[in-house]
Amino acid sequence: MKKFLFILTNQPYNGTDNAYNALRLARALKEKGEEVRIFLMNDAVDLARNSTKKPENYDVDLVAMLKELYAGGAMLKVCGSCQTRCGLHVGEPYFEAEVKGSMDILSEWVRECDQVMTF
C-alpha cells in the first residue's frame, strides 16, 4: 500500500474545480486500497467547515465529499493557524475538532508519504 498526501490550498468553490478533482482522485485511490491523507490550508480550510454551503449553481457538495472520505478512513488534518486567518468563514470551527492540525503534522506527513500532490 502506498501513502498519498493531498495538500489543498484554494477556496473550495472558486470556479477552478481544484478541490473537486483532488477529492475525486483521493476517493479513487482510497477505493483501490491506498492510504490517503488530506491536509487543508490557506482558503481550503473552508472545506472542513459546516458553514460552507454548496452554491446553487454547483452540482457537487464538496464538504459532503470530504466528510465521506474522512468517514471512510482517509486521514484529515486542517491547518490550525489558518482557522483564524483564512477562508470566507474565518474563525468558524471545523466540523470535527480532532481534524485541527499543525505545520509539524504536515511536515511529518510529507516525510512519511510516497507521493505528495498539491491542489
Side-chain angles (χ1 to χ4, degrees):
M1 174 188 334
K2 289 187 178 180
K3 296 177 185 175
F4 293 89
L5 171 58
F6 292 79
I7 301 172
L8 281 70
T9 62
N10 295 303
Q11 183 55 232
Y13 297 105
N14 66 358
T16 64
D17 274 349
N18 284 348
Y20 175 59
N21 288 320
L23 295 176
R24 287 179 35 205
L25 178 56
R27 181 174 56 202
L29 287 166
K30 188 81 180 113
E31 289 171 354
K32 292 181 183 340
E34 304 295 355
E35 182 177 304
V36 171
R37 300 178 185 192
I38 301 168
F39 195 94
L40 306 177
M41 59 192 321
N42 300 337
D43 290 341
V45 300
D46 278 345
L47 269 174
R49 292 178 166 140
N50 286 325
S51 55
T52 301
K53 304 297 180 201
K54 178 183 82 60
E56 286 185 26
N57 64 340
Y58 208 83
D59 60 342
V60 177
D61 186 331
L62 298 176
V63 175
M65 279 182 79
L66 180 64
K67 285 181 177 181
E68 287 173 21
L69 276 163
Y70 181 60
M75 298 172 72
L76 173 65
K77 289 294 178 189
V78 189
C79 179
S81 62
C82 294
Q83 183 173 7
T84 58
R85 300 171 56 88
C86 301
L88 297 174
H89 306 284
V90 172
E92 294 187 26
Y94 298 140
F95 59 69
E96 292 283 344
E98 66 189 30
V99 301
K100 191 171 184 179
S102 65
M103 196 56 62
D104 189 51
I105 291 170
L106 177 58
S107 69
E108 285 301 314
W109 281 12
V110 168
R111 292 178 66 221
E112 294 170 359
C113 286
D114 298 300
Q115 190 163 357
V116 177
M117 295 170 270
T118 58
F119 287 84

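Every value quoted in this text rests on a predicted model; they were computed, and no experiment measured them. Values below: every heavy atom of this structure, side chains too, minus hydrogens, waters and symmetry copies. Throughout, residue positions are numbered sequentially from 1 according to the sequence presented.
- Considering all non-hydrogen atoms of both residues, Asn18 and Phe119 come closest at O-CD2, 3.7 Å.
- The nearest pair of heavy atoms linking Val60 to Tyr58 is O-CD2, 3.0 Å.
- The minimum heavy-atom distance linking Cys79 with Tyr94 is given by the pair O-OH, 2.8 Å.
- Hydrophobic clustering places Leu69 together with Met117 (ILVMFWY residues linked when any side-chain heavy atoms are closer than 4.5 Å, directly or through intermediates).
- The salt bridge (Lys or Arg N to Asp or Glu O under 4.0 Å) contacts involving residues 40-53 comprise Asp46-Arg49, where partners must be two or more places apart or lie in separate chains.
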**OP:** Assess whether side-chain contact (heavy atoms from CB on, under 4.5 Å) is satisfied between Arg37 and Lys77, documenting all intermediate values.
**Re:** CA-CA 8 Å; Arg37 300 178 185 192; Lys77 289 294 178 189; over 6 Å; no

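- Here the shortest heavy-atom pairing between Gln115 and Phe4 reads OE1-CE2, 3.4 Å.
- Residue Met75 shares its hydrophobic cluster (ILVMFWY side chains chained together at separations under 4.5 Å) with Leu5, Ile7, Phe39, Met41, Met103, Ile105, Leu106, Trp109, Val110, Val116.
- Between the CG atom in Leu29 and the CD atom in Glu35 there is a gap of 11.5 Å [rounded to 0.5 Å].
- In this structure, Thr16 and Asn21 have side chains that are not in contact, with every pair of non-hydrogen atoms separated by 4.5 Å or more.
- Expressed to the nearest 0.5 Å, how far CG of Leu76 lies from NZ of Lys67 amounts to 11.5 Å.
- Side-chain contact, Ser102 with Asp104: no donor N or O sits under 3.5 Å from an acceptor N or O.
- At distances below 3.5 Å, at least one donor-acceptor pair connects side-chain atoms of Asp61 with backbone N or O atoms of Val63.
- The shortest non-hydrogen separation linking Lys30 to Val36 is N-CG2, 3.8 Å.
- Open room surrounds NZ on Lys100; 12 or fewer heavy atoms of other groups in view lie less than 6.0 Å from it.
- In this structure the side chain of Leu40 never reaches within 4.5 angstrom of the side chain of Val99, judged on heavy atoms.
- Contact annotation: the side chain of Leu88 never approaches that of Thr52 to less than 4.5 Å [non-hydrogen atoms, C-beta and beyond].
- The environment of NZ in Lys2 is sparse: at most 12 heavy-atom neighbours from other residues, nucleotides or ligands sit within 6.0 Å.
- From Tyr20, atom OH reaches atom CG of Asn14 across 15.0 Å, with rounding to the nearest 0.5 Å.
- Applying the under-4.5 Å side-chain rule to Ile, Leu, Val, Met, Phe, Trp and Tyr, the cluster around Met1 consists of that residue alone.
- Taking every heavy atom of both residues into account, Leu47 and Phe95 meet most closely at O-CE2, 3.9 Å.
- Here the straight-line distance linking atom CD of Glu98 with atom CD of Glu96 works out to 5.0 Å at 0.5 Å rounding.
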